[in-house]
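Just so you know, these numbers use all the heavy atoms, side chains as well, and skip hydrogens, waters and symmetry mates.
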Amino acid sequence: MKCIDVSEFQGIIDWNKVKADGIEGVIIRVGYGRGNVDEKFYANIEGAIAAGLHIGAYWFSYAFDDDMATNEARCIVNLIDEYKDSIDMPVFFDWEYDSMNYAKKKGYSPDRASITSMTKAFCKEVESFGFTAGYYLNWDYSRNYYDESQLSDYKRWFAWWEDELSEDCYLWQTS
């Protein structure tokens, strides 16, 4: 299945054109950090539903401990719950370089164990509300910041910008 991920940074999207271009699914950024809702979340999810696309969601995390990650999970679940019947793909935890920079500015230095633990906390909370959970990462984070042996219960969205992939994942991001 060919998917795209979208957020407010893509502006106004013509969802019928997206579908006509052969896109079958979309992962929508619902929000980020402590309850910040993506400005285009509602327009994006309603447009994707109207176009008949498969839908997943993600939360860009600024957590630096398990409690914060759990609270972010509650935020996303509260926002997507009314669309539960239309979300047939996972709800992803997205913790990246910006997340690390934010944590460091706040005096924290997350390591492999804490990032893995936050990911598990988010995913467990999402699953407790009946959604399928997953996590996003790239090659660097896979090798240096996650203990993926502890995350095998969750769907893996892997960013790899090469022509071939030798990794096992639910979703492969190529661009």
Side-chain angles (χ1 to χ4, degrees), residues 1 3-10 24-49 53-100 102-103 106 108 110-138 141-142 145-159 167-173:
M1 171 181 358
C3 298
I4 58 173
D5 70 286
V6 298
S7 69
E8 63 193 48
F9 300 111
Q10 279 71 51
E24 300 169 80
V26 59
I27 311 297
I28 299 169
R29 184 175 84 158
V30 177
Y32 55 96
R34 293 184 184 196
N36 301 293
V37 180
D38 185 288
E39 290 180 13
K40 297 293 184 198
F41 164 63
Y42 292 106
N44 285 338
I45 197 162
E46 290 170 12
I49 290 168
L53 298 174
H54 294 281
I55 299 171
Y58 75 96
W59 192 267
F60 191 93
S61 179
Y62 285 105
F64 44 81
D65 64 34
D66 289 3
D67 287 339
M68 290 175 75
T70 299
N71 286 333
E72 289 179 343
R74 289 181 188 137
C75 286
I76 194 169
V77 166
N78 286 335
L79 290 163
I80 65 175
D81 193 55
E82 70 180 281
Y83 302 103
K84 192 172 197 168
D85 292 340
S86 299
I87 296 174
D88 60 351
M89 295 173 68
V91 176
F92 292 97
F93 180 72
D94 182 4
W95 206 91
E96 300 185 42
Y97 300 108
D98 239 19
S99 313
M100 179 68 84
Y102 178 78
K106 296 294 185 180
Y108 296 87
D111 58 10
R112 182 184 305 267
S114 61
I115 295 168
T116 301
S117 184
M118 288 186 293
T119 303
K120 287 171 59 176
F122 178 95
C123 289
K124 284 180 183 179
E125 189 70 12
V126 163
E127 285 188 337
S128 76
F129 288 93
F131 292 95
T132 301
Y135 62 101
Y136 169 88
L137 77 170
N138 62 27
Y141 268 71
S142 174
Y145 297 100
Y146 275 92
D147 178 357
E148 289 192 87
S149 69
Q150 295 186 39
L151 301 173
S152 60
D153 291 340
Y154 310 114
K155 303 294 184 186
R156 185 175 189 244
W157 171 9
F158 189 68
E167 300 281 331
D168 184 31
C169 60
Y170 171 82
L171 194 60
W172 170 24
Q173 181 175 335

Quiz item: How are the rings of Y62 and Y32 set relative to one another: parallel (under 30°), tilted (30 to 60°) or perpendicular (over 60°)?
Solution: perpendicular
Self-check item: Derivation and outcome, side-chain contact (heavy atoms from CB on, under 4.5 Å), residues F131 and V77
Solution: CA-CA 8 Å; F131 292 95; V77 166; 4.2 Å; yes
Quiz item: How far does CZ of R156 sit from CG of L151, to the nearest 0.5 angstrom?
Solution: 9.5 Å
Quiz prompt | Under the side chain to side chain contact (heavy atoms under 4.5 Å, CB included) test, residues paired with E8 that sit two or more places apart | solution = R29, D38, E39, K40
Exercise. Apply side chain to side chain contact (heavy atoms under 4.5 Å, CB included) to D65 and list each qualifying residue two or more places apart in sequence or on a separate chain.
Key: D67, M68
Quiz item: Regarding S61 and E72, is there a side-chain donor-to-acceptor distance under 3.5 Å anywhere?
Solution: yes
Quiz item: What are the two closest non-hydrogen atoms of I55 and S86, and how far apart are they?
Solution: CB-O, 3.7 Å
Quiz item: Going from CZ on F122 to CG on D66, what distance comes out if it is rounded to the nearest 0.5 angstrom?
Solution: 13.0 Å
Quiz item: Under the 3.5 angstrom rule, does the side chain of Q10 hit a backbone N or O of S7 as a donor-acceptor pair?
Solution: yes
Quiz item: Where is the tightest heavy-atom contact between C123 and G134, given as atom of each residue plus distance?
Solution: SG-O, 3.5 Å
Quiz prompt | Heavy-atom side-chain contact between M100 and I115 under 4.5 Å | solution = yes
Quiz item: If you look at every heavy atom in S149 and D147, which pair is closest and at what distance?
Solution: OG-OD1, 2.5 Å
Quiz prompt | Sub-4.5 Å side-chain heavy-atom contact between V91 and T132 | solution = no
Quiz item: Would you say the side chain of Y135 lies within less than 4.5 Å of the side chain of Y58, judging by non-hydrogen atoms?
Solution: no
Quiz item: In terms of ring plane angle, is the pair Y102 and F64 parallel, tilted or perpendicular, where the classes change at 30° and 60°?
Solution: tilted
Exercise. Looking only at non-hydrogen atoms, find the nearest pair between P90 and K155 and report the distance.
Key: CG-CG, 3.5 Å
Practice problem: May I ask you to check whether over 12 heavy atoms, not counting those of Y108, lie within 6.0 Å of atom OH? | Solution: no
Exercise. Report yes if some heavy atom in the side chain of W59 is under 4.5 Å from a heavy atom in the side chain of D94; otherwise report no.
Key: no
Quiz item: Within the side chain of K124, is there an N or O that forms a donor-acceptor pair under 3.5 Å with the backbone of T70?
Solution: no
Self-check item: S128 side-chain N/O to E125 backbone N/O, donor-acceptor pair under 3.5 Å
Solution: yes
Quiz item: Strictly by modelled atom types, are Y136 and E96 linked by a side-chain donor-acceptor pair under 3.5 Å?
Solution: no
Quiz item: Looking only at heavy atoms, which two atoms of A63 and W95 are closest? And how far apart?
Solution: O-NE1, 2.9 Å
Quiz prompt | Result of checking L79, V26, I87, V30 against I45 for side chain to side chain contact (heavy atoms under 4.5 Å, CB included) | solution = I87
Quiz item: Quick one: are E148 and Y154 in side-chain contact, heavy atoms under 4.5 Å?
Solution: no
Quiz item: Closest approach of S99 and F60, non-hydrogen atoms and distance?
Solution: OG-CE2, 3.6 Å
Quiz item: In this structure, are over 12 heavy atoms from other groups packed under 6.0 Å from R112 atom CZ?
Solution: yes
Quiz item: Are any non-hydrogen side-chain atoms of Y145 and D111 less than 4.5 angstrom apart?
Solution: no
Quiz item: Just wondering, do I27 and F92 contact through their side chains at under 4.5 Å, heavy atoms?
Solution: yes
Self-check item: Close side-chain approach of F93 and M118, heavy atoms under 4.5 Å
Solution: yes
Practice problem: Could you tell me the separation between the CD1 atom of I28 and the OH atom of Y83, rounded to the nearest 0.5 Å? | Solution: 9.5 Å
